[in-house]
Amino acid sequence: MKGFLAVDIGASGGKAFIGRYDGDRLSIEEVSRFTNRPISVNGRTHWNILSLYESTLESIIKAIDSGVELQSVGVDTWGVDFGLLDGSGELLGNPRHYRDMFGDDSMEYAIGLAGRDWLFERSPTQFQPFNTLFQLISMKRRGYSALKEADSLLSISSLISYFLSGEKLTEFTFATTTQIFDPAVGDWCEEIIDFFSLPDIFTPIVPAGTVVGRLTPSLSRELGTTLKVVLPATHDTASAVASIPLSGRTMFVSAGTWCLEGVVLDAPVRDREVLELNFANEGCYGGKYRLLKNATGLWLVQELLREWKAKDPSLDYPSLVRMAGEARPFSGKIDVESPRFKRPASMERAILEECAENGPIPSTRGEIVRTALEGIAAMTELTRKELERFTGGLDGLHIVGGGVKNQLLCQLIADFTGLPVTAGPAEGTAIGNIIVQMLALGELKDSRESIELLKRSFEMRSYEPRNP
């Protein structure tokens, strides 16, 4: 049976899945799970890229040992973050963590120089302080020596693919997250690069589903395989969307640490209202675009669990959701986009302080968790209202990602939005990664065939609005 390996790396950990295809149905099998533990040095936080690469190699070995006829490997990660290589292809330091940019004023500095309208006209994406453009401007302002020595910039996913294949390429869906990509020309925006005097370090942009080559000769000898390396939709949200059998006017929510909420369109939307509402136009497989918002998601609950588990090791994620389900509704009210929640010393204290400004204050752990989940659902409803200005109306909502396991959150989203909700698959990002690999290798002819395969292969759960 043919197999395809998806390595899906998120902000807190990575997972690797084999997709097994028997010619009719696709099934997935988890072969490894590993931590992604950022390292802080002198007040700066870095991704441990070599550990992530080592975990990717271990995942390949486990996939080979499973006995499947492995065809290819594809790596997806979050957007915006990157590594720098020198002229000989050596890595210049560890890539920086996007959360370091929350205390940096480089976005405001750039807007002050160029103007928000000017930037949006050339790269119509969401303004976030951690976008690649603002990270590079920050490095330049601080005289970051590695930037002066750099020959090329690669996203985290492309960096790992480079270690595997030796090919330095940028995949389309990542490029659209950088705020340096111009959809009008389908390439890097030379005007933005020139305006901010950024170095010539940008590698060629290729479509999602590009076969970049095979493992390097040394890796092939070491692993005993000539596995193909594919750039799937390397931005994890784009891979997640590739696993959704979207049809009609359906809103999607990729629910994880972040909640990425939007719709899929054939072309980017450049209306001024998109700028004012701070929506992003980010790429999908097939050259389409996600009009979306990047909102704080289950990061709130993850941080509560981390904080409370230090004192009560018996706690786990399902127990928190269970407590929230039994808790009093509307015991507190928060704006999940409050600056309090970006890098709090204590998430519990941050939520209680936010509630104190908005009305009632939750009194139990269950009420605190429920307040966080209600806040996520309220943000989803706000995004739905805003999206309808561009779509003329929405008739359903599809949730994908780890958040589908949280049945309370799924029901709250149905209740808050008043839309019927379909949830699944939970491992949508890995499945979408595998689907794009299959399209790249000709195992699937087109997106229509992939949608039919998804419907045959994976169960979805439905939630109807019960208490709008």
Side-chain angles (χ1 to χ4, degrees), residues 8-15 30 32-40 45 48 55 78 97 99 253-259 295-338 340-356 358 360-380 399-413 415-416 423-429 461 463:
D8 170 30
I9 306 175
S12 59
K15 296 169 284 187
E30 183 179 315
S32 69
R33 188 176 288 255
F34 50 91
T35 59
N36 180 7
R37 188 173 294 114
I39 298 172
S40 294
T45 307
N48 190 343
S55 296
W78 62 98
H97 193 298
R99 287 196 180 274
V253 175
S254 178
T257 302
W258 296 89
C259 274
T296 300
L298 290 166
W299 155 257
L300 303 170
V301 182
Q302 291 163 0
E303 282 297 287
L304 288 172
L305 177 59
R306 184 184 64 80
E307 184 177 340
W308 293 338
K309 197 174 178 67
K311 298 177 181 177
D312 186 355
S314 66
L315 279 179
D316 58 16
Y317 191 88
S319 67
L320 292 192
V321 176
R322 192 162 49 250
M323 286 189 288
E326 297 167 354
R328 178 170 53 97
F330 304 108
S331 53
K333 181 181 178 183
I334 62 171
D335 172 9
V336 297
E337 290 304 287
S338 167
R340 281 193 174 95
F341 304 136
K342 300 306 180 187
R343 297 186 70 180
S346 164
M347 183 61 78
E348 178 182 8
R349 186 166 63 247
I351 289 175
L352 293 176
E353 289 173 353
E354 180 78 7
C355 289
N358 293 311
I361 302 175
S363 58
T364 68
R365 284 180 172 177
E367 289 180 354
I368 292 171
V369 176
R370 188 179 183 103
T371 295
L373 297 177
E374 288 173 348
I376 295 169
M379 175 57 68
T380 305
I399 303 175
V400 70
V404 306
K405 298 176 183 177
N406 189 326
Q407 295 180 23
L408 175 59
L409 176 62
C410 294
Q411 186 62 56
L412 286 170
I413 288 175
D415 291 344
F416 271 70
E427 299 299 344
T429 304
R461 181 164 184 156
Y463 297 83

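These figures come from a predicted structure and were not determined experimentally.
- For the residue pair S319/D316, the side-chain donor-acceptor check at 3.5 Å is satisfied.
- At a threshold of 4.5 Å between non-hydrogen side-chain atoms, the residues S55 and S32 do not count as touching.
- A donor-acceptor pair is defined here as one N or O able to donate and one able to accept, closer than 3.5 Å; such a pair exists between the side chain of R99 and the backbone of K342.
- Distance alone, capped at 3.5 Å, is enough to place a donor-acceptor pair between the N36 side chain and the G10 backbone.
- A salt bridge links R306 with E303: the closest approach of a Lys/Arg side-chain nitrogen to an acidic carboxylate oxygen falls below 4.0 angstrom.
- Looking at E354, its side chain never comes within 3.5 Å of a backbone N or O of R340 through a donor-acceptor pair.
- A donor and an acceptor atom, one from each side chain of T371 and E367, are nowhere located under 3.5 Å apart.
- For the pair R370/L408, a side-chain contact is recorded, criterion being any heavy-atom separation below 4.5 Å from C-beta on.
- The shortest non-hydrogen separation linking I351 to A372 is CD1-CB, 4.4 Å.
- In terms of heavy atoms, L315 sits closest to M323 at CD2-CE, 4.1 Å.
- Nearest heavy atoms, V369 versus W308: CG2-CZ3, 3.7 Å.
- Of all non-hydrogen atoms in L373 and A324, the two that sit nearest each other are CD1-CB, 4.3 Å.
- Between S346 and E307, some side-chain heavy-atom pair lies under the 4.5 Å cut-off.
- M347 has its side chain within reach of W299: a pair of non-hydrogen atoms, C-beta onward, lies under 4.5 Å apart.
- The closest donor-acceptor contact from the side chain of N358 to the backbone of K333 lies under 3.5 Å.
- Between E427 and K15 there is a salt bridge, with a side-chain nitrogen of the basic residue lying less than 4.0 Å from a carboxylate oxygen of the acidic one.
- The CG atom of L304 sits 7.0 Å away from atom CD of E348, with the distance rounded to the nearest 0.5 Å.
- To the nearest 0.5 Å, atom SG of residue C259 and atom CG of residue L298 are 5.5 Å apart.
- Contact check for W78 versus T257: no side-chain heavy atoms found under the 4.5 Å cut-off.
- Residues F416 and T380 are not in side-chain contact: their nearest non-hydrogen atoms beyond the backbone lie 4.5 Å or more apart.
- Nearest heavy-atom pair across Y317 and L305 is N-CD2, 3.8 Å.
- I399 is not listed as a side-chain neighbour of Y463, based on a closest heavy-atom distance of 4.5 Å or more.
- Listed here is the closest heavy atom pair of A423 and C410: CB-SG, 4.1 Å.
- Going from atom CZ of R461 over to atom CD of Q411 covers 9.0 Å, rounded to the nearest 0.5 Å.
- Annotation: side chain of P329 is in contact with side chain of E374 (closest heavy-atom distance under 4.5 Å).
- Q302 and S12 share no donor-acceptor pair across their side chains, judged by distance under 3.5 Å alone.
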